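To start, the structure under review is shown below, and the notes come after it.
Residue indices begin at 1 and follow the sequence shown. First listed ligand is number 1; within each ligand, the first listed atom is number 1. None of the values given here were measured: they were computed from a predicted structure.
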Amino acid sequence: MTIARFTKSFTQQEPIPEDGIEAAIEVMRSGRLHRYNVAPGEESHVSALEREVAHWQGSAYALACSSGGAALRIAMRAAGIGVGDVVLTNAFTLAPVPGAIVAVGARPVLVEITKDLRMDLDDLSAKIARHRPAAVMASHMRGHLCDMDRLTAICADAGVPLIEDCAHTMGAKWNGRRSGSFGLAGAFSSQTYKHLNSGEGGLLVSDDADFMARAIILSGSYMLYARHGAAPSEAHFRNARLDMPNTSARMDNLRAALLRPQLARIEDAIDRWNERYHATEAVLAGCSRIALPARPAQETFVGSSIQFRLPGIAPQDATRFVADAAELGVELKWFGAVDPVGFTSAHPSWRYVDPQSLPRTDAVLAGLFDMRLPLTFSTDDCRQIGHIIVACANALAPSEAS
Ligand SMILES: *Cc1c(COP(=O)(O)O)cnc(C)c1O
C-alpha cells in the first residue's frame, strides 16, 4: 500500500485551558484542596462546579465524585440497590459498568444490542419480565442513545428505576433533551478520555431530592452537606445523614478548578468533535465493506469516537486489519477479540458476571471496530485516517458474508 502513514497520537487530548491551569495553581497556592476546606465566605471550586453542572444539565441537583464508576455505585446505593438485586445493563459497555453493579453486591444481567450499537429494547422488555430487576442501567456506550422515549416508557410501565451511564453522552440529546435527564439519575465521567478532562472524576445529576440527599451522604460529605452547590434542602437529609454509609468518593478542588472552564466551553468542543466525526464518516461511507451505525433523527450525538463494522469478517482477518491499520499509524480497537486489550473488553472476559448467552451482541462485536477522535486531530487528519481504514478494509479478501 502506498499511503502516507498517520503520525499523531490517538491518546493525546487538548491541553487544559489556561484559565483552568491558573485556577488550579491558585488552589495549590491556597493549600485548600479539600472540597470542605474553605476560607470564611468562600465557595469551593467543587461546590461551584456542582452548581454550574446542574444549571448546564437542567437538573435540580448535581454531585461531584471521585470517578464515573463511583458516581454509578453511589447512584445504585442511593436507589436502594444492594446484595442479590438484578440490574440490567447493555452487553456492550466498558468494564467499570458491570464492575459498579458487582461492587454494590448486585447481579448484572446483560441486554443484547442492535447492529447500530443501541440497547435492544425488545430484549430489555423480555428481561425485565423474566428477572424483575431493581434497576435498568442504560449505558450509552460510545455515544449511541437508544430510543429514549421507548426506554423511559418501558421502565415507567414496569416501575423500574432508570439510571443512565452518560460517560460517552455528556452533552448529547434525544429530542432536544440532555442525556442523563431521562430517569432517576445520570452519571458522567471526567476521566481523561471523556468529554471533560480532570484525569479522574465523576458527576451525578438528578431531580429527586431524597435520592440526592442519600447520594451526597454516600459520597462522603460527613455533616458538611450544606457546603454543596446543588443540593436539596436540609429536611431531605434528616434520615439520610445517619442512615447512609460514608463511602469516601469526593472530588477535590484541584480537579474542579480544571473542569469549570472546560464545562464553560463544552458546546464548542462538541461542535469540533462532530466536525471530526463527520469528516471521518464521509470517507468511510464511500467503502461498501464498511457498515456505519445509523444515527436516528431524534439524536444529537457527540462524535468523540467513531465505530464501524466489517460484517462477516473472520477473526484472523480482523486481527490482520487492526495490525495493517496500526502499521499505518491508525489505532483501532476490536471488540471481537477473545482476550481483553487495554481499555477494551467484551462480556465473556468479565468472569465476575454470570456467563450469559448473547448471540446477537456477539455477532455485532465480532465485526466491530472503534476509534478515538481526539480534538488534537484536524479534519484533514480525520480524512487521512478514513482513507487508511478504507485501504486496509479493501486489502482484505472478500468475506463470505459480503
Ligand atoms: C469511562 C467509563 C465509565 C467509568 O468512568 P470512570 O470515571 O473511568 O470511573 C463508565 N462507563 C463508560 C461507558 C465509560 O466509558
Side-chain angles (χ1 to χ4, degrees), residues 10-11 13 46 49 53 62-77 87-104 106 108 110-111 113 117-119 135-146 162-172 179-180 183 185-205 215 218-219 247-252 255-256 258-259 262-263 273 301-307 333 335 340-347 349-350 352-353 361 365 368 370-374:
F10 281 75
T11 53
Q13 303 298 65
V46 182
L49 174 69
V53 165
L63 169 66
C65 312
S66 53
S67 73
L72 293 176
R73 294 194 295 275
I74 288 170
M76 283 183 282
R77 287 194 81 148
V87 174
L88 299 184
T89 194
N90 312 42
F92 172 50
T93 185
L94 217 67
V97 177
I101 296 169
V102 169
V104 301
L110 304 174
V111 178
I113 57 158
L117 313 180
R118 300 161 207 284
M119 192 188 259
V136 171
M137 169 87 72
S139 180
H140 308 307
M141 179 66 169
R142 291 297 187 260
H144 300 276
L145 293 170
C146 65
L162 169 65
I163 298 169
E164 291 178 78
D165 167 24
C166 306
H168 304 157
T169 54
M170 186 171 198
S179 161
F188 305 94
S189 166
S190 60
Q191 185 247 71
T192 291
Y193 302 110
K194 313 300 167 83
H195 298 172
L196 299 176
N197 175 11
S198 58
E200 303 284 358
L203 296 157
L204 185 66
V205 297
L218 281 161
S219 78
T247 67
S248 270
R250 295 167 302 273
M251 184 179 281
D252 58 86
R255 286 186 174 80
L258 302 177
L259 291 173
Q262 295 179 54
L263 181 66
W273 261 312
F301 63 92
V302 183
S304 53
S305 67
I306 190 164
Q307 294 70 45
K333 307 285 164 29
F335 274 92
V341 181
F343 288 103
T344 309
S345 64
H347 70 92
S349 306
W350 308 332
Y352 41 86
V353 174
T361 298
L365 298 185
L368 179 64
D370 170 47
M371 182 176 75
R372 288 197 179 108
L373 292 171

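Contact analysis puts G201 in contact with ligand 1, with a non-hydrogen atom separation below 4.0 angstrom. By the 4.0 Å heavy-atom criterion, K194 is counted among the residues contacting ligand 1.
Counting only heavy atoms of the protein, atom 11 (N) of ligand 1 lies nearest to D165 OD2, 2.8 Å.
Residue H168 approaches ligand 1 through these ligand atoms, each under 4.0 Å from one of its heavy atoms: 13 (C), 14 (C), 15 (O). Below 4.0 Å from some heavy atom of G69 lie the following atoms of ligand 1, by number and element: 4 (C), 5 (O), 6 (P), 9 (O). Every atom of ligand 1 is numbered from 1 in the order shown, and the set under 4.0 Å from a heavy atom of P96 is 3 (C), 4 (C). Within ligand 1, the atoms closer than 4.0 Å to a non-hydrogen atom of V97 are 10 (C), 11 (N), numbered from 1 in the order shown. Interface of Q191 with ligand 1, defined as ligand atoms under 4.0 Å from a residue heavy atom, comprises 7 (O), 8 (O). Each of the atoms 7 (O), 9 (O) of ligand 1 lies under 4.0 Å from some heavy atom of S67.
Pairing each heavy atom of L72 with each of A187, the nearest pair is CD2-CB, 3.5 Å. Closest heavy-atom contact between M170 and H195: O-ND1, 2.9 Å. For the residue pair S190 and M251, the shortest heavy atom distance occurs at OG-CE, 4.2 Å. The heavy-atom pair separating L373 from G303 by the smallest distance is CD1-O, 3.7 Å.
Judged by distance alone, the side chain of E164 and the main-chain N or O of H140 form no donor-acceptor pair under 3.5 Å. In this structure, R73 contributes its side chain and A100 its backbone to no donor-acceptor pair below 3.5 Å.
The side-chain hydrogen bond (donor to acceptor under 3.5 Å, both in side chains) check on S139 picks up T93, D165, with sequence neighbours excluded.
Of the N or O atoms in S189, one or more lie within a sub-3.5 Å distance of an N or O in ligand 1.
Counting heavy atoms under 4.0 Å from ligand 1, residue A167 touches it through the side chain alone.
Heavy atoms from other residues, nucleotides or ligands lying under 6.0 Å from CZ of R142 number more than 12.
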